Every structure is written in structure tokens, then in C-alpha cells.
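A short write-up of the structure that comes next.
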Amino acid sequence: MRPRKDIENLIKEFDIDVNLKKDRRILDGLREVQAKSSKGEHGFCGIGIWRIIMQSKMTRIAVAAIIIVAVLIIFTSSESTLYAQVVKAAKKASTIHITGLSPRDGKLQKSNEIWYKRGTGIKITWKRNEKEHLILDDGDYRWKYNKGSTSAIQHKSSGIDDLPREITEPGRYLDKCTRDNTGDMEIDKVMCKLYTGSYPEKANSTKLMFWIDENNRFRRFEEKILEDGVWKTIELCHVEYDIDFDNSIFEPDFGSDVEIVKANGMLDSNFKLENAIFKTEEMGLIFAVHELKRCQNGLIFALTSLRPTEQTRADIKSTDPRAMNYGDYQFGSCFERNEVLGTSYNPRELAWIYHNGLKVKWTIFEPSGFGNKKVSQCKFELYYLYANGKLAAKRIAAGLPDRKRFKPIATLDVPDAYVNLENQISSVYDLVKSLEPVVAEKHLLLKSIPFTDEEMDEHCKKHSDGGIAKLWGKNKSSRLYHDQSKRPSQIDKDAWIADRLAEIDKYSMK
Amino acid sequence: MLEDRLLILRFKRGSCDALERIYEKYRLYLLKIAAALSYDVSAGEDVVHDAFVRFAESADTLKVGGSLKAYLRMCVVNGVRNKIRNEKVRSYVELSEAGAIVSDKEGADQWVVLKEESARLHEALGQIPFEQREVVVLHLHGDMKFREIAKLQAASTKTIQSRYRYGLDKLRSILNSEAKK
């Protein structure tokens with residue numbers, strides 16, 4: 001038996017790595033959030049610094065040193081950094097064209113391209129997993145199109161006044177780089193200086209190289225990794241400024257057989273409040289039940305949604321459709337106690353989506369305690385209705401609760417006619433899949449499917465010392481599930497439906 | 001800590017460098033806590049992501065009286081508790097019947113990558129009651145003293161110490177494959 005100290009040491013060794021690409025994307029997103037919410041005031045604020053200094057005993061003692069450090073920070077924090085100068089120089093350009101290369105089949109091939117024309121538009125193309133993707137933005141609308149698809153999705157533009165992050169992102173690490181004059185070179189007949197650095201966590205195995213010209217324009221970027229003792233280029237970008245390209249490249253011409261679908265239109269038409277069988281307004285949010293259907297074995301299917309009211313949208317602007325600035329909910333049925341047993345319905349979520357303040361859930365309710373009795377009504381409750389993000393902050397600041405329970409929220413009639421459960425689940429898959437181009441990746445979820453026996457055996461062979469292998473050896477029901485955030489197009493439809501039916505069948509309690 | 005006080009000052013004035021520095025300084029620490037506390041690593045990722053998004057939006061209203069590290073840690077711990085509380089309204093089955101163990105296989109879009117031995121530990125942590133897990137993780141990874149955790153869990157320090165002992169004992173038996181009756 002391990003001594004307690006050993007267990008403590010073992011727990012202290014619990015460790016993680018981060019996926020660097022995802023890490024960068026998240027940081028980019030945070031910068032955008034900050035930029036959109038910040039009033040962007042710069043400039044010395046003597047009163048604020050003094051209050052902070054005088055609050056703490058330690059800083060009172062060290063007040064002279066703190067003022068010196070604070071002044072140094074103020075004078076070095078804004079426009080004098082190299083990255084700030086590069087961004088400033090880029091903003092002066094009338095056009096920017098970037099070509100990106102990455103290794104494929106043993107050689108560097110074009111993987112992405114960006115066209116930017118100040119005040120006119122942005123066009124970005126990139127390849128991922130052998131598929132070509134395109135984003136176009138003309139300042140009014142933004143279109144996303146995957147080559148080969150029969151539809152292009154149109155969103156409202158988030159603006160083209162700022163340089164897109166795809167242009168500014170590579171330079172983010174510039175301020176952590178050092179000058180390396182051994183790599184200076186001429187690019188497009190202009191002499192450029194080299195700055196080199198690396199990612200903080202991978203200092204010994206990554207190399208970032210930036211070439212900047214005499215006008216502080218970023219001209220070339222190269223990223224290398226160390227593999228088997230050899231430095232290999234994994235990304236190479238070339239940047240051109242003020243070149244001519246026709247405005248027609250920003251026009252949404254995807255081909256005559258490609259339908260342009262309005263993103264908000266798809267969601268509005270599928271989840272109209274006018275057609276809801278129940279709706280109520282609470283905490284600046286509207287909760288609605290759109291569908292209630294009776295399936296075999298006493299199961300009930302429900303489609304519900306939550307969205308901000310018009311007033312809430314007017315008071316709290318949210319430009320990023322992925323940002324959760326309004327609310328969320330947990331919907332279920334009321335537990336009813338009777339003389340012998342309690343009765344309730346256990347919710348089992350099939351899928352959910354979130355886009356621009358609208359949250360939609362598809363749920364199967366499994367009966368418990370009803371026996372063979374056919375119920376004509378179901379009493380529902382909101383276990384939780386809560387505000388999040390900016391709405392939560394606003395309510396808390398106003399002394400209002402940011403979450404409530406509503407028990408019950410509604411007693412609704414269950415239709416007499418039955419619908420086939422398998423067909424109902426299939427229609428959920430199809431609808432969620434049709435929304436896939438419209439909704440951001442993390443905000444569209446189909447409940448995951450489990451590993452097959454073969455996948456479990458393969459996994460346990462690779463990780464034979466792991467606890468999972470031991471559990472699998474004892475109990476074949478303790479299996480892994482695939483990543484829950486897979487999109488419908490990544491999940492086999494028939495397997496997903498079969499898994500949902502098996503799960504409902506296994507855990508249903510009469 | 002002086003650096004943190006100055007980072008907060010710069011952040012409140014709109015400095016994205018300050019935000020980046022705060023992110024780089026604390027994200028691993030917060031991800032480790034969230035991953036260890038959550039049944040599901042991706043849920044832990046979401047909690048940390050949400051905490052940073054709210055932080056990034058909060059320059060105008062942010063008030064950090066104590067340490068920045070403790071403030072961010074509290075945001076993450078509260079986020080995990082909220083997630084778990086929301087999950088508790090669903091029906092649970094005994095672990096021996098449960099099929100729902102989230103894959104520790106690295107997905108293309110995963111933020112956190114559990115190291116191999118840590119995956120085993122994570123699974124063991126998921127099998128002890130949440131209150132015990134919270135005490136163990138916050139004490140050993142969150143650098144929190146028992147009296148601070150007692151305040152968080154609204155319990156006495158003695159109760160927290162008991163939860164810590166029971167949690168370690170349970171982990172020891174799980175990891176040694178000893179069944180307790």
C-alpha cells in the first residue's frame with residue numbers, strides 16, 4: 001500500500017501540455033474581446049497609480065521605486081514597441097497581399113492567401129485536410145464557403161476597418177524576438193532586417209523568423225521546428241504592399257450552382273418564437289418550447305430555446321456570435337411525489353447549438369415511476385435559468401440575481417399521437433447538420449458516440465498500464481467516448497442514431 | 001505580488017500586452033486545476049476559456065482586492081462548481097454501469113493534452129466525491145491552505161482536513177486497485 005506521502009507526490013505530478021495552435025487561437029480571441037470591450041484609453045493616470053501604491057503597506061515602503069517603474073512602463077508600453085510600429089506601418093498600406101506556404105508531400109506548397117484592400121474588402125483562402133475554404137468580407141456582409149459545397153453562408157460583416165487578425169497575428173511574438181543581422185536579406189528589392197525568437201514553452205524546438213524592412217513593414221515570416229536534429233520549415237509567409245488588385249475579387253461569386261444562405265435567416269426560420277407552444281420572459285431572456293412529441297415507451301421529445309429580448313440585445317451589444325453574453329438554461333421535468341412512488345422524466349440531451357445569443361436544445365425525456373400509464377400532460381421546470389457574460393455582470397451590478405429556478409415553468413399537453421423515436425432522432429441529426437455551416441465549431445454539439453470494441457482494444461494496447469485498460473479488462477461497459485465536440489459531418493449518422501437508441505434503452509427506468 | 005498589481009493597472013488601461021502576460025503566466029496553472037477538478041477535461045477547458053473571456057471584457061469594471069492569481073483561481077473554481085451543479089440534475093448510474101468516460105485521446109481541437117500518467121490520475125480523481133476532490137486539488141495544485149478551502153466550502157478546517165484524508169485514502173485504494181466495502 002502506498003504511503004500517503006507517495007500519493008501526495010503522485011497527485012502533485014499531475015501535469016498537462018497545451019496544444020500550441022489552439023492556445024494561440026484562444027489568445028487571439030481574447031485580444032479581440034479586449035479590443036471590442038475596452039474604451040482604449042491610454043495615457044498617464046497619476047491618481048490611479050497613487051491609490052494602488054498607497055493601498056498596500058509594501059508599496060508604501062517602496063513608493064519611489066514603483067513610480068520609477070510605472071513611468072518606465074508607461075513610456076514603453078504603447079507605440080514604441082516594434083510590433084506596434086509594424087502594425088502602424090501595415091495600417092498605412094492601401095493593399096496587403098500575403099501568401100502562405102506549408103509542407104505537403106515533401107515540399108512547401110501554397111496553403112493560404114490573403115487579400116486586403118483598405119475600405120473595400122478582405123478575402124482569405126486556406127486549405128485544411130485537402131479541402132479549400134474561403135472567407136469574403138465587403139464591409140456589409142461576410143461569406144464563408146467551402147469549395148465543392150452547394151451553399152455559401154452569409155453573415156453580417158463585423159467590419160473591415162481594422163486589419164484582420166490573420167494579418168496581425170504572426171507579428172504578435174515580434175516583441176519577444178531579438179535582432180539577428182546574420183540573416184538580413186533583400187526581399188522584393190528592399191533590404192530587410194531579421195528578428196528571431198521562439199514560442200515560450202518550446203524555446204529549444206521552435207524558431208520564429210521575422211523580416212522587417214526600413215519602413216517597419218513586415219515582409220516575410222518563417223516558422224521552423226526541430227525534428228530529429230534537423231530544422232524544418234513548417235510555415236512560410238510572403239507579404240506585399242500597395243499592389244493593384246481588382247475590387248471584383250471581393251464579390252461573392254461562388255458559381256451559379258451555389259446557393260447563398262443567410263445565417264441568421266436559417267436560425268430564425270427553424271426556431272421562430274411565433275410558432276412556439278409555450279414561451280415566457282424572465283431576466284431579460286425569452287425561454288420557449290417549440291415542439292413536444294410523444295414517442296414509444298412513454299418517451300417525450302422536446303425542442304426548447306433561450307434568447308435575449310430585443311431590449312436586452314439593445315442594451316448589451318455583442319458583435320461576436322460565439323460570445324456568451326446573455327444566458328443559458330437547464331430544462332427538466334418536475335418530480336411529483338405520490339402515495340407509493342415519485343414520478344418524473346429524466347432529461348437526456350441529444351444535441352444543442354448556440355449562435356449569437358440563441359441557445360437551442362433537443363432533449364428526450366425518459367419516464368420514471370409511471371409504469372404503463374399514459375400521461376396527457378407533463379409538468380416542466382427550469383432547474384436553472386441563468387444570465388452569463390455581460391448580462392450577468394449587468395444584473396449583479398444592479399443587485400439583481402443572475403440565476404433563478406422556476407418550478408414549475410409550464411405544464412404542457414403531450415400530443416396524443418405517437419411519432420417514431422428513430423425517425424425523430426434522425427431528423428435532429430439532419431437539422432443540426434444543416435446548421436453546421438452557420439454555427440461556430442465549439443457551439444454545435446451532437447452527443448458523442450462511444451469507442452467500438454476494436455477501438456477500445458487498440459487504445460488499451462497502446463496504454464496498457466493505464467487505469468482505463470484495467471477498467472476495460474474488468475467491465476466492457478466502461479468504455480471511452482469520442483470527442484464530444486465533433487460536428488455532425490464528423491460522426492456517422494447511423495452509428496449516432498443507433499447509439500442514442502441503445503443508450504435510451506439501457507438507462508430507461510419505467 | 002508587485003508585478004501582478006502593475007499588470008492589472010496596465011490591463012485596465014487597455015494594454016493587450018498586459019492581457020497576454022497575464023494569460024501566459026496563469027493559463028497552465030488554471031487549466032491544471034480545472035482539468036483535475038472536472039470529470040471531463042474539455043469541460044475544464046471551457047471553464048478556463050470562459051474565465052479569461054470574462055476577464056478580457058472586464059477592464060472597465062475589474063476590482064481585484066487581493067491577489068490576481070487567487071482571483072482567477074476563484075473564477076475557475078466557481079465555473080467548475082457551476083458546471084458540476086448543472087450536471088447533477090441529470091440521473092446518474094453507478095460507475096460500474098457507466099459507459100460515459102470522456103476520451104482522453106487528443107482531438108484535433110483540444111486545448112489541454114493530458115500526459116499519460118496524468119490521464120490515469122485524472123480518472124482516479126473523477127471517482128472520488130467532488131468535495132474531497134476539490135480539497136485535494138486545491139491544496140496540492142492550487143497552493144491553498146486548508147483554512148482558505150474551508151471558507152470556500154463553508155465548512156470547518158477540521159472537516160476540510162478530514163475530506164483531504166478521506167480523499168487521499170480513496171485515491172490510494174483506487175490506484176492500488178483495492179476495493180473498499
Side-chain angles (χ1 to χ4, degrees), chain A residues 1-2 4 7-8 10-19 22-23 26-27 30-31 33-34 37-42 45 48-49 52 59 69-70 73 77 200 323-324 330 332 346-347 383-384 389-390 393 441 450-451 459 463 466-468 470 475 477-485 507, chain B residues 2 5-6 9-10 13-17 19-20 23-24 28 31-32 35-36 42 49-50 52-54 56-57 59-61 86 89-91 93 96-103 105 107 109-124 136 140-141 168 171-172 175-177:
Chain A
M1 196 120 153
R2 298 180 194 240
R4 185 172 292 168
I7 298 294
E8 284 180 330
L10 194 65
I11 295 166
K12 281 178 185 172
E13 283 169 18
F14 178 80
D15 204 2
I16 60 170
D17 269 329
V18 290
N19 176 325
K22 175 104 186 216
D23 203 40
I26 287 172
L27 183 55
L30 292 178
R31 283 170 172 266
V33 165
Q34 182 190 31
S37 64
S38 170
K39 289 188 170 62
E41 291 171 11
H42 291 274
C45 175
I49 291 170
I52 288 169
T59 54
V69 168
I73 285 169
S77 69
M324 294 199 157
Q330 197 70 32
N346 299 316
Y383 300 132
Y384 286 105
K390 289 181 181 178
E441 202 163 330
F451 276 30
H459 177 89
H463 306 277
I468 292 164
K470 288 178 185 162
N475 186 348
S477 69
S478 296
R479 63 182 66 218
L480 297 171
Y481 274 56
H482 285 282
D483 186 349
Q484 287 205 355
S485 56
Y507 294 120
Chain B
L2 186 57
R5 302 295 283 174
L6 291 168
L9 169 66
R10 287 175 60 204
R13 286 175 54 249
S15 164
C16 43
D17 284 345
L19 174 65
E20 183 176 339
Y23 174 80
E24 281 176 359
L28 276 179
L31 280 170
K32 217 189 284 191
S42 60
H49 188 204
D50 287 346
F52 271 115
V53 167
R54 286 186 204 187
E57 291 174 329
D60 292 339
T61 54
N86 290 344
V89 300
R90 299 169 187 276
S91 62
V93 293
S96 56
E97 291 181 88
I101 302 171
V102 176
S103 167
K105 191 172 166 181
D109 211 38
Q110 233 165 301
W111 190 7
V112 169
V113 180
L114 284 180
K115 294 186 178 174
E116 200 165 310
E117 186 59 34
S118 298
R120 184 169 162 245
L121 247 182
H122 180 256
E123 198 196 308
V136 168
L140 294 176
H141 280 289
L168 288 185
L171 282 168
R172 184 169 49 197
L175 292 168
N176 285 320
S177 299

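Numbers restart at 1 for each chain; the letters A, B, ... are given by sequence-line order, proteins then strands. Computed from a prediction, not measured in an experiment: that's the story for all the values here.
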Please find the pair of heavy atoms, one from A/Phe14 and one from B/His122, that lie closest to each other, and give the distance. CE1-CB, 3.8 Å
Return the minimal non-hydrogen interatomic distance between A/Leu10 and B/Leu121, and the atom names on each side. O-CD1, 3.1 Å
Atom of A/Leu27, atom of B/Tyr23 and distance for their closest heavy-atom approach: CD1-CD2, 3.6 Å
What distance do A/Leu30 atom CG and B/Glu20 atom CD have between them, rounded to the nearest 0.5 Å? 10.0 Å
Closest non-hydrogen atoms of B/Ala56 and A/Val33, given as atom of the first, atom of the second and distance, are CB-CG1, 3.9 Å
Non-hydrogen side-chain atoms of A/Lys390 and B/Glu57 separated by less than 4.5 Å: yes
Distance in Å, A/Asp23 CG paired with B/Leu28 CG, rounded so as to fall on 0.5 Å steps: 7.5 Å
Are the side chains of B/Leu168 and A/Ile11 in touch, meaning some heavy atoms are under 4.5 Å apart? yes
Would you name the heavy atoms of A/Arg31 and B/Cys16 that are closest together and state the gap between them? NH1-SG, 3.6 Å
Roughly how far, to the nearest 0.5 Å, is the CG atom of B/Leu19 from the CD atom of A/Gln34? 4.5 Å
